There are 2 protein chains.
Amino acid sequence: MIQTPLAAQVTQTLRAQGGRMTAQRRLILDLLQESDSHPTAEELYALARQSDPSLNLSTVYRTLNWLEERGFVSPRRFDDNHAHKHFDPVQPDAGHVHHFHCRNCDRVIEFSAPQVEQLLGQIRGEIARQHGLRVDDAALVLSGLCMDCAASA
Amino acid sequence: MIQTPLAAQVTQTLRAQGGRMTAQRRLILDLLQESDSHPTAEELYALARQSDPSLNLSTVYRTLNWLEERGFVSPRRFDDNHAHKHFDPVQPDAGHVHHFHCRNCDRVIEFSAPQVEQLLGQIRGEIARQHGLRVDDAALVLSGLCMDCAASA
DNA sequence: ACACTATTGCAAATCGTTTGCAATAAACCA
DNA sequence: TGGTTTATTGCAAACGATTTGCAATAGTGT
C-alpha cells in the first residue's frame with residue numbers, strides 16, 4: 001500500500017501505542033496532507049465524504065484530536081468572531097511558520113520570514129524584561145485578501 | 001453625572017442613532033473601561049452582577065456586539081482550543097497594539113512595539129508581492145506566563 | 001405626564017465540538 | 001485461516017459559548 005509521509009508516520013505511532021489504522025483515519029490523513037490551506041474539521045469532513053459517504057463528523061474530530069495530542073497537527077483560530085479551528089499539519093523540519101488569513105474565503109496561507117524570527121528574538125526579551133513576563137511563543141498573523149479574492153474584488 | 005471617557009463617547013453615538021443609554025449599558029461600559037486585562041463576556045457579567053444582580057448575560061453579549069459594530073471594542077481569541085472572545089476597548093489615539101496572552105490564567109496584556117510596526121511595513125509588501133496577497137492587518141501575539149503565574153510556578 | 005419604541009430578561013435555539021454507548025472491525029494469536 | 005480481544009466507529013444526545021424570539025420594561029422626545 002502506498003502511504004503519504006504523514007500517514008506512514010502516523011501508522012508507526014499508532015502501532016507503537018496499540019492503536020489501529022482504519023480506512024477512515026487513512027482517508028482523513030491523506031486529505032490533510034494534500035490540502036495546502038489548513039482545513040477545518042467541517043471542510044475535511046465534506047471532502048472525505050466524497051470518498052466515504054458513511055464517514056461521521058465525530059470521527060473527523062476524534063481523529064484530529066488524536067493527531068493533535070501526538071503533535072501531528074496543531075489547531076489555530078484565525079477569525080475572532082464565530083470561529084472554527086483550522087488544523088495545521090506540523091512539519092517537524094520546518095522552522096517557525098506564520099500565517100496569512102483571507103477574511104473573505106477563510107483560506108489560510110503559511111509563510112516564513114527570517115526577519116520576523118530575528119525581530120521576535122529581540123522583542124521577546126525586551127517585552128519579557130519590561131513587563132516581567134515569560135514569553136514562550138510568538139505568532140504573527142497577517143490578514144487581508146488572498147490572491148483569488150483580491151482578483152475578484 | 002460623571003462619565004468615563006468611553007461611556008461619554010458611547011452616549012454620543014447612542015444619541016445620534018436614536019439609541020438609549022441604560023443603566024445596564026453604563027455599568028458594562030464602566031467595567032470595560034476600568035478593566036486592564038481585556039475581559040470576556042462571562043468575566044464582565046460576573047463583575048457586573050456584583051452591582052446589578054438582575055443583569056442578564058444576553059444583555060452583556062448584546063452590548064458588546066453593539067459596541068463592536070460601532071468600533072468601540074474589538075474581539076479577539078487567544079486560546080486556540082476551547083476559546084472565548086476577549087473584548088479589547090479600542091483607543092482611537094493609540095497606534096497598533098499587540099498582545100501577550102498568559103496561557104495559565106488567561107490574562108491579556110497589551111503592548112506596543114514600534115520595531116514591529118516597522119518590520120511589518122517591510123514584510124507586508126514583501127509577502128504581498130511574493131504570494132499575490134493584499135495584506136490589510138497584522139497581529140502579533142506573544143504567549144507564555146504572566147508575571148504572577150511565572151512567580152508562582 | 002404620554003406615547004413611542006429601543007432595550008431588557010427569560011427561555012429556547014444555534015453553532016462548533018465532545019461524549020456515552022452499542023455495534024463494528026483491526027490486529028494479534030492459535 | 002478463523003476466533004478473540006478491544007480500539008474505533010456511527011449515531012444520538014450533551015456540551016459550552018453565543019444568539020435569538022418574544023412579551024414585559026423603561027429611556028427619550030413631545
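Being a predicted model, the structure only gives us computed values, none of them experimental. By convention in this document, chain letters (A, B, ...) are assigned in the order of the sequence lines, proteins followed by strands, and residues within each chain are numbered from 1.
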**For atom CD of B:Q17 and atom C1' of C:dT5, their distance in whole Å** = 16 Å
**Item:** Of the listed nucleotides D:dA26, D:dG10, D:dT5, the one nearest the side chain of A:N56
**Value:** D:dG10
**Message:** Working to the nearest 0.5 angstrom, can you tell me the gap between B:I123 CD1 and A:F111 CZ?
**Reply:** 7.0 Å
**Prompt:** Are A:K85 and C:dT18 close enough that a side-chain N or O sits under 4.0 Å from OP1 or OP2?
**Reply:** yes
**Request:** Please say whether more than 12 non-hydrogen atoms of neighbouring residues, nucleotides or ligands are located less than 6.0 Å from CD in A:E117.
**Result:** yes
**Centroid separation B:F100 to A:H131 less than 6.0 Å** = no
**Prompt:** Under the 3.5 angstrom rule, does the side chain of A:Q33 hit a backbone N or O of A:L6 as a donor-acceptor pair?
**Reply:** yes
**Asked** Within this structure, what is the CG-to-P distance between A:L64 and D:dT9, rounded to whole angstrom?
**Response** 12 Å
**Request:** When you get a sec, tell me which of C:dA27, D:dG10, D:dT8 is the closest nucleotide to the side chain of A:L55?
**Result:** D:dG10
**Prompt:** Any side-chain N or O of B:T22 less than 4.0 Å from the OP1 or OP2 oxygen of C:dT7?
**Reply:** no
**Asked** Across the strands shown, which category fits A:Q24 at heavy-atom distances under 4.0 angstrom: base, sugar-phosphate, nothing?
**Response** sugar-phosphate
**Prompt:** Quick one: does A:R107's side chain have a donor or acceptor within less than 3.5 Å of a partner on A:L145's backbone?
**Reply:** no
**Asked** Of the nucleotides D:dT5, D:dA26, C:dC28, which has the atom closest to the A:R15 side chain?
**Response** C:dC28
**Prompt:** Is there a donor N/O on one and an acceptor N/O on the other, under 3.5 Å, for the side chain of A:R20 and the base of D:dT6?
**Reply:** yes
**Asked** Can you tell me how far P of C:dG16 sits from NE2 of B:H84, to the nearest Å?
**Response** 19 Å
**Prompt:** Which residue lies toward the 5' end of DNA chain C, B:R49 or B:G19, if each is placed at its nearest nucleotide?
**Reply:** B:G19
**Interatomic distance, B:W66 CH2 vs C:dT7 P [rounded to whole Å]** = 8 Å
**Asked** Starting at the 5' end of DNA chain D and moving along, which residue's nearest nucleotide shows up first, A:L57 or B:A41?
**Response** A:L57
**Asked** Looking for any heavy atom pair under 4.0 Å, which part of the strands does B:S58 touch: base, sugar-phosphate only, or nothing?
**Response** base
**Separation of atom CG in A:D52 from atom P in D:dT9, rounded to whole Å** = 11 Å
**Item:** Integer-rounded Å distance: C:dA6 C1' and B:E69 CD
**Value:** 14 Å
**Request:** Could you say whether B:E42 or A:L14 is positioned toward the 5' end of DNA chain D, judged by the nucleotide with the nearest heavy atom to each?
**Result:** A:L14
**Request:** Output yes when at least one side-chain N/O atom of A:N65 is less than 4.0 Å from OP1 or OP2 of C:dT18, else no.
**Result:** yes
**Item:** Protein-nucleotide distance (B:Y45, atom OH; C:dC10, atom C1'), rounded to Å
**Value:** 11 Å
**Request:** Can you tell me the distance, in whole Å, between the CZ atom of A:R70 and the C1' atom of D:dA7?
**Result:** 12 Å
**Presence of A:Y61 side-chain N/O under 4.0 Å of C:dT18 phosphate oxygens OP1/OP2** = no
**Request:** Would you indicate, yes or no, if D:dA17 has its OP1 or OP2 atom less than 4.0 angstrom from a side-chain nitrogen or oxygen of B:T40?
**Result:** no
**Request:** Could you tell me whether the side chain of A:R62 has a donor or acceptor atom within less than 3.5 Å of a complementary atom in the base of D:dG10?
**Result:** yes
**Request:** Would you please indicate if the ring centroids of B:H38 and B:H99 are separated by under 6.0 Å?
**Result:** yes
